[in-house]
Trainee: 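Take a look at this one; I'll ask things after.
Small disclaimer: the values here were computed from a predicted structure and weren't measured.
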Amino acid sequence: MTQYFDSLETRSPDQRAADLARALPGQIARAMGAPGIGALLAGVDAAAVTDMAALARLPVIRKSELGAAQKAAPPFGGFTTRPAHGFAHVFQSPGPIYEPGGGEHDWWRMGRFLHACGIGPGDIVQNCFGYHLTPAGMIFESGCRAVGAAVLPAGTGQTELQVRAAVDVGSTAYAGTPDYLKIILDKAEEMGERLAITRAAVGGGALFPSLRAEYADRGILTLQSYATADLGNIAYESPAMEGMIVDEGVIVEIVRPGTGDPVAEGEVGEVIVTTLNPDYPLIRFATGDLSAVMPGASPCGRTNLRIRGWMGRADQTTKIKGMFVRPEQVAQFVSRHPEVARARVIATREGEMDVMTVRVESPGTDAGHYEGAVVAALKMKGRIEIVPPGSLPNDGKVIEDLRKYD
């Protein structure tokens with residue numbers, strides 16, 4: 001097995017930028033030709049979108065807009081470039097949101113991750129992702145085909161049968177959520193069986209360091225991917241295990257929650273993804289997840305952007321004093337004051353009353369200077385605390401709810 005899936009993984013920054021300049025205008029044009037997403041991109045000059053700076057000027061598309069479009073024009077809301085019957089599969093995710101699935105080679109681009117895990121010809125992958133309604137099972141199955149591995153389509157549950165099948169067919173690798181593998185391994189020990197699994201490709205949940213270490217003690221290399229039903233593979237770990245490498249078929253931006261404005265390298269923000277999939281050309285699609293860009297390239301030699309992985313949810317909308325406060329309102333307040341670096345709304349309780357405190361990173365000292373702007377943006381009065389620039393935590397939060405609900 002070669003070290004890299006293909007030559008795209010080791011492109012120079014200049015080559016990657018040149019390739020992007022060629023690919024982006026066509027993808028924007030395809031998206032504008034789909035009626036649903038085209039309406040959200042009305043007026044955009046596709047030919048002018050050739051780099052990250054131009055891409056960052058386009059509007060962010062949120063899942064709520066996708067859901068509304070699907071209700072108006074089921075099943076895909078005019079966000080695809082072919083009709084529903086032109087796809088191999090139609091999937092349903094909670095919401096409900098409907099996603100297409102193509103039967104073409106590695107449509108979700110999961111093969112790149114599985115190759116990084118060391119999975120390929122000669123392997124039998126016990127695929128414990130769900131096959132019913134949701135696409136995870138098919139996403140990983142198509143990736144297995146791309147790397148030449150056989151698949152045991154195990155799905156979820158029936159752990160004793162999972163162990164029996166793993167032993168009988170000689171499964172060498174696992175695909176599924178991080179914690180379900182432990183359930184299978186523990187059941188195998190209880191049954192007096194020893195499994196041949198040496199690699200695990202996991203996703204759909206947090207891989208805690210202690211769990212990874214336990215698998216390593218059992219002789220299993222465990223790596224994780226970051227993927228969604230809409231976008232396919234977004235980023236993945238390599239054996240270097242230093243951050244997650246962005247997949248070559250997507251463009252990732254990290255923006256300030258509630259806006260489309262890119263944040264500085266290392267700052268936590270919302271993950272925005274543009275996919276180069278011609279069938280489902282999602283442009284600046286907001287995942288609702290938080291992450292941050294890591295400096296430099298991975299020690300494994302793959303040169304694409306690295307992110308820190310999943311760091312929480314960006315949708316921090318909170319009801320205070322009976323009113324919803326949203327991240328975009330906080331961003332609106334910050335945008336009106338050039339000297340304000342960041343702000344954070346904190347919800348607490350005193351007695352039986354909600355209290356809103358707005359912490360403002362500013363070189364000034366006059367809290368009263370911001371009273372009017374707080375009311376205008378957040379639609380209610382609150383306490384204002386001035387804090388030194390750089391003192392708010394770098395965790396992507398702009399709204400923090402400290403009230404106790406138990």
Side-chain angles (χ1 to χ4, degrees), residues 1-11 88-89 101-131 135-156 161-178 180-181 184-185 188 193-204 207 212 215-216 218-227 232-241 244-250 277 298-304:
M1 181 182 290
T2 58
Q3 183 176 358
Y4 303 114
F5 186 68
D6 57 28
S7 61
L8 297 179
E9 294 182 353
T10 55
R11 284 180 288 179
H89 298 96
E104 296 79 1
H105 175 76
D106 203 16
W107 196 80
W108 292 276
R109 309 172 316 281
M110 194 54 69
R112 191 176 303 281
F113 167 52
L114 296 178
H115 183 88
C117 292
I119 296 172
D123 280 307
I124 299 175
V125 180
Q126 187 140 338
N127 185 5
C128 295
F129 281 107
Y131 277 81
M138 277 303 199
I139 288 175
F140 274 78
E141 177 156 326
S142 69
C144 290
R145 287 199 297 269
V147 297
V151 177
L152 174 64
T156 58
L161 289 178
Q162 296 262 8
V163 172
R164 185 75 270 141
V167 172
D168 291 347
V169 307
S171 298
T172 58
Y174 165 89
T177 56
Y180 188 52
L181 175 57
I184 292 175
L185 294 172
E193 299 286 1
R194 183 174 179 83
L195 306 187
I197 292 172
T198 59
R199 280 140 298 155
V202 303
L207 173 59
R212 195 202 299 259
Y215 292 153
R218 288 172 152 175
I220 300 172
L221 171 68
T222 306
L223 299 178
Q224 59 185 327
S225 69
Y226 168 36
N233 195 25
I234 298 171
Y236 61 99
E237 283 188 316
S238 75
M241 289 189 275
M244 304 189 84
I245 303 160
V246 170
D247 182 76
E248 301 297 337
V250 296
N277 183 337
S298 171
C300 70
R302 293 171 175 85
T303 57
N304 207 353

Trainee: Flag the pair Tyr174 / Ile184 as yes when at least one side-chain heavy-atom distance between them is below 4.5 Å, and no otherwise.
Mentor: yes
Trainee: With no hydrogens and no angle check, is any side-chain donor or acceptor of Arg212 less than 3.5 Å from a backbone partner on Thr222?
Mentor: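 A pair under 3.5 Å: yes.
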Trainee: For residues 118-129, pull every pair meeting salt bridge (Lys or Arg N to Asp or Glu O under 4.0 Å), keeping only residues two or more places apart or in separate chains.
Mentor: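 Output for this query lists Asp123-Arg199.
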Trainee: Does Ile139 have any side-chain contact (heavy atoms from CB on, under 4.5 Å) partners at least two apart in sequence or in another chain, and if so, which?
Mentor: Trp108, Met110, Pro135
Trainee: Output the distance between atom CG (Leu181) and atom CD (Gln162), rounded to the nearest 0.5 Å.
Mentor: 10.5 Å
Trainee: Can you check whether Thr177 reaches Cys128 side chain to side chain, under 4.5 Å on heavy atoms?
Mentor: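 No, side chains not in contact.
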Trainee: Quick one: are Gln224 and Met244 in side-chain contact, heavy atoms under 4.5 Å?
Mentor: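 Gln224 reaches Met244 side chain to side chain.
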Trainee: Which heavy atom of Ala201 sits nearest to which heavy atom of Ile119, and what is that distance?
Mentor: CB-CD1, 4.4 Å
Trainee: Under the 3.5 angstrom rule, does the side chain of Thr172 hit a backbone N or O of Ile124 as a donor-acceptor pair?
Mentor: yes
Trainee: State, to 0.1 Å, how close Leu195 and Ala188 come at their nearest heavy-atom pair, and which atoms those are.
Mentor: CG-CB, 4.0 Å
Trainee: Indicate yes or no: at least one non-hydrogen side-chain atom of Arg164 is less than 4.5 angstrom from one of Glu193.
Mentor: yes
Trainee: Who pairs with Ala196 by side-chain contact (heavy atoms from CB on, under 4.5 Å), at least two apart in sequence or on another chain?
Mentor: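 Listed in chain order: nothing, the list is empty.
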Trainee: Among all residues two or more places apart in sequence or in another chain, which pass the side-chain contact (heavy atoms from CB on, under 4.5 Å) test with Tyr4?
Mentor: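 Partners of Tyr4 by the side-chain contact (heavy atoms from CB on, under 4.5 Å) criterion, ordered by chain and then number, come out as Glu9, Thr10, Arg302.
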Trainee: Residues two or more places apart in sequence or in another chain: which of them pass ring pair (Phe, Tyr, Trp, His ring centres under 6.0 Å) with Phe129?
Mentor: Phe140
Trainee: So, using ring pair (Phe, Tyr, Trp, His ring centres under 6.0 Å) as the criterion, who are the partners of Phe5 when residues are at least two apart?
Mentor: His115
Trainee: Determine the sole option in Asp106, Asp6, Asn233 for which the side-chain hydrogen bond (donor to acceptor under 3.5 Å, both in side chains) test with Arg112 is passed.
Mentor: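 Single side-chain hydrogen bond (donor to acceptor under 3.5 Å, both in side chains) partner of Arg112 among Asp106, Asp6, Asn233: Asp6.
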Trainee: Kindly determine whether Val167 and Arg194 satisfy side chain to side chain contact (heavy atoms under 4.5 Å, CB included), including the steps that lead there.
Mentor: CA-CA 7 Å; Val167 172; Arg194 183 174 179 83; over 6 Å; no
Trainee: Between Gly103 and Ala88, which heavy-atom pair has the shortest distance, and what is it?
Mentor: N-CB, 3.5 Å
Trainee: Below 4.5 Å, heavy atoms only, C-beta onward: do Ser238 and Ile245 meet side chain to side chain?
Mentor: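 Yes, at least one pair of side-chain atoms sits under 4.5 Å.
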Trainee: Going through the checks in order, is the side chain to side chain contact (heavy atoms under 4.5 Å, CB included) test met by Val125 and Glu141?
Mentor: CA-CA 9 Å; Val125 180; Glu141 177 156 326; over 6 Å; no
Trainee: Within the structure provided, determine whether Leu221 and Cys117 are in side-chain contact (heavy-atom separation under 4.5 Å).
Mentor: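 When only atoms from C-beta onward are counted, Cys117 and Leu221 do not touch, as no gap falls below 4.5 Å.
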Trainee: Is the backbone of Ala116 close enough, under 3.5 Å, to the side chain of Glu237 for a donor and an acceptor to pair up by distance?
Mentor: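 Not confirmed, Glu237 side chain does not pair with Ala116 backbone.
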Trainee: Taking all heavy atoms of Val147 and all of Pro121, pick out the closest pair and write down the distance.
Mentor: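 Smallest interatomic distance, heavy atoms only, reads O-CD, 3.1 Å.
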Trainee: For Gly137 and Asn127, which heavy atoms make the closest approach, and how far apart are they?
Mentor: O-ND2, 2.9 Å
Trainee: Do the side chain of Gln126 and the main chain of Leu152 share a donor and acceptor less than 3.5 angstrom apart?
Mentor: no
